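Predicted, not measured: the structure shown is a model, and the values here were computed from it. Starting from 1, each residue takes its place in the sequence as its number.
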Amino acid sequence: MNLKVVSFNICHGLGIDGRQDLERTTDVLRDSGADVIGLQEVDKYYGERSGWQDQTALLARSLGMHAVYGPNLDMDPQPGSGGHRRQYGIAILSRYPIVSSRNHVLPRIDTPGGWNEPRGLLEARLQVGSETVRVLNTHLGLSDQERIAQALRLVEVYLAGGPERCIVTGDFNALPNSPELAPLLAVLRDTYASVHGGRHDPTFLSAAGGAPVAIKCIDYIWCSPDLVPVDAAVTASLASDHLPLAASVTIGGPAH
């Protein structure tokens, strides 16, 4: 059977056109027909910018999907949050039951005089018919040094959990030929490059010149070698400063 996967940095529902609209994000995800979705930059009672929403719960309810959330920023409640802690992080949505999940803390390297946002790796095990499929979703840091350490940690988690039937989604903040992606390429298959003969199309938008233009690829869907990529595409959208990336992989049969 084929499993359709989407990775999407939703920028807490803020579009590249400056409009905050989680319903538009919902429509993009619904139209994708995804079975599994890895989301980055997701608010949970975070603040006025997203209407103090639990965005994961709202998306899951609207799409009729199971969901888990991994907060990487976790702050005290404020007026407007309804007594809830203010959180920001990553999420996994699935049409299939999620039997377990865990949010792994990734290495954090503060720069002199600066502060780097905490990063995590959300892991979920899905029951897809008679198969168990593991999904890892992440959003790596902004510095090369930090991303290298985080990519190595991701590989450790991937291998420790059993390398078969695994899908990795995320905003890696790294171009396709970046050295920090080398540890991933050593053990995982890049679905988009596999389908498109090594090519990567841009997934990140810039509106610096007026009209939004896709300028670089920093979002990826990877899979374990026992899964076979059969399709991959980047979809046009104004719902975020990233574009949704989709890939279909074939699962089933004995794991390698």
Distance from [X] atom [atom1] to [Y] atom [atom2], nearest 0.5 Å?
X      : Y      : atom1 : atom2 : answer
Leu245 : Thr203 : CG    : OG1   : 7.0 Å
Asp54  : His84  : CG    : NE2   : 8.0 Å
Cys217 : Leu243 : SG    : CG    : 10.0 Å
Arg95  : Ile37  : CZ    : CD1   : 7.0 Å
Leu181 : Leu188 : CG    : CG    : 11.0 Å
Cys223 : Glu164 : SG    : CD    : 13.5 Å

Step by step, work out the side chain to side chain contact (heavy atoms under 4.5 Å, CB included) result for Glu180 and Asp144.
CA-CA 7 Å; Glu180 53 265 45; Asp144 297 355; 3.9 Å; yes
Identify the heavy atoms of [X] and [Y] that sit nearest to each other, and give their distance.
X      : Y      : value
Tyr192 : Ala232 : CD1-CB, 3.5 Å
Leu227 : Arg189 : O-NH1, 2.8 Å
Ser224 : Asp226 : OG-OD1, 2.6 Å
Ile218 : His242 : CD1-CE1, 3.6 Å
Ala124 : Ile98  : CB-CG2, 4.0 Å

Residues Glu131, Arg165; criterion salt bridge (Lys or Arg N to Asp or Glu O under 4.0 Å); working and verdict:
CA-CA 9 Å; Glu131 309 283 350; Arg165 298 192 184 97; 2.9 Å; yes
Please check if [X] and [Y] belong to a single hydrophobic cluster, counting links between Ile, Leu, Val, Met, Phe, Trp and Tyr side chain heavy atoms closer than 4.5 Å.
X      : Y      : answer
Val230 : Val5   : no
Leu184 : Leu159 : yes
Leu185 : Tyr158 : yes
Leu93  : Leu3   : no
Ile16  : Ile10  : no

When you check the gap from the basic side-chain N to the acidic O, do [X] and [Y] get nearer than 4.0 Å?
X      : Y      : answer
Asp201 : Lys216 : no
Asp27  : Arg30  : yes
Asp35  : Lys4   : no
Arg49  : Asp43  : yes
Glu123 : Arg134 : yes

Between the main-chain N or O of [Y] and the side-chain N or O of [X], is there a donor-acceptor pair closer than 3.5 Å?
X      : Y      : answer
Arg147 : Asn173 : yes
Ser50  : Gln53  : no
Ser62  : Leu58  : yes
Thr191 : Ile221 : yes
Arg108 : Asn116 : yes
Gln87  : Asp74  : no
Tyr69  : Gly89  : yes

Around Glu156, counting heavy atoms of other residues, nucleotides and ligands shown, do more than 12 lie under 6.0 Å from its CD?
yes
Should we say atom CD of Glu23 is surrounded by more than 12 heavy atoms from elsewhere, each under 6.0 Å from it?
no
Could you tell me whether the side chains of Asn103 and Asn72 share a donor-acceptor contact shorter than 3.5 Å?
yes
Could you tell me if Asp171 and Gln40 have a donor-acceptor pair between their side chains, going purely by distance under 3.5 Å?
no
Which residue, Val36, Ile167, Thr132, forms the side chain to side chain contact (heavy atoms under 4.5 Å, CB included) with Leu126?
Val36
Hey, which of Leu59, Thr169, Val6 is the one that makes side chain to side chain contact (heavy atoms under 4.5 Å, CB included) with Leu39?
Leu59
Can you tell if the side chain of [X] reaches within under 4.5 Å of the side chain of [Y], non-hydrogen atoms only?
X      : Y      : value
Leu22  : Gln55  : yes
Val228 : Val249 : no
Phe172 : His139 : no
Pro244 : Leu29  : no
Ile251 : Val133 : yes
Ser240 : Phe8   : yes
Val168 : Leu154 : yes
Thr138 : Gln150 : no

Measure the acute angle between the ring planes of His200 and Tyr220, then classify it against the limits of 30° and 60° as parallel, tilted or perpendicular.
perpendicular
Go through it in stages, so that I can follow the logic: the residues are Ser7 and Asp219, the test is side-chain hydrogen bond (donor to acceptor under 3.5 Å, both in side chains), and I'd like the CA-CA distance, side-chain angles, deciding distance and then a yes or no.
CA-CA 7 Å; Ser7 183; Asp219 303 88; 5.1 Å; no
Steps toward side chain to side chain contact (heavy atoms under 4.5 Å, CB included) verdict (Asp76, Arg85)
CA-CA 5 Å; Asp76 292 336; Arg85 295 191 65 79; 3.1 Å; yes
Ser248/Asp231 under side-chain hydrogen bond (donor to acceptor under 3.5 Å, both in side chains): CA gap, chis, key distance, verdict
CA-CA 5 Å; Ser248 294; Asp231 190 26; 4.9 Å; no
Before you tell me yes or no, could you show the steps for Leu14 and Arg19 under side chain to side chain contact (heavy atoms under 4.5 Å, CB included), namely the whole-Å CA-CA distance, both residues' side-chain angles and the distance that decides it to 0.1 Å?
CA-CA 6 Å; Leu14 179 65; Arg19 179 157 62 96; over 6 Å; no
Could you walk me through whether Val68 and Leu122 pass side chain to side chain contact (heavy atoms under 4.5 Å, CB included), step by step?
CA-CA 8 Å; Val68 290; Leu122 183 59; 4.0 Å; yes
Within 45° of the six-membered ring axis of Tyr46 and under 6.0 Å from that ring's centre, is NZ or CZ of Arg86 located there?
yes
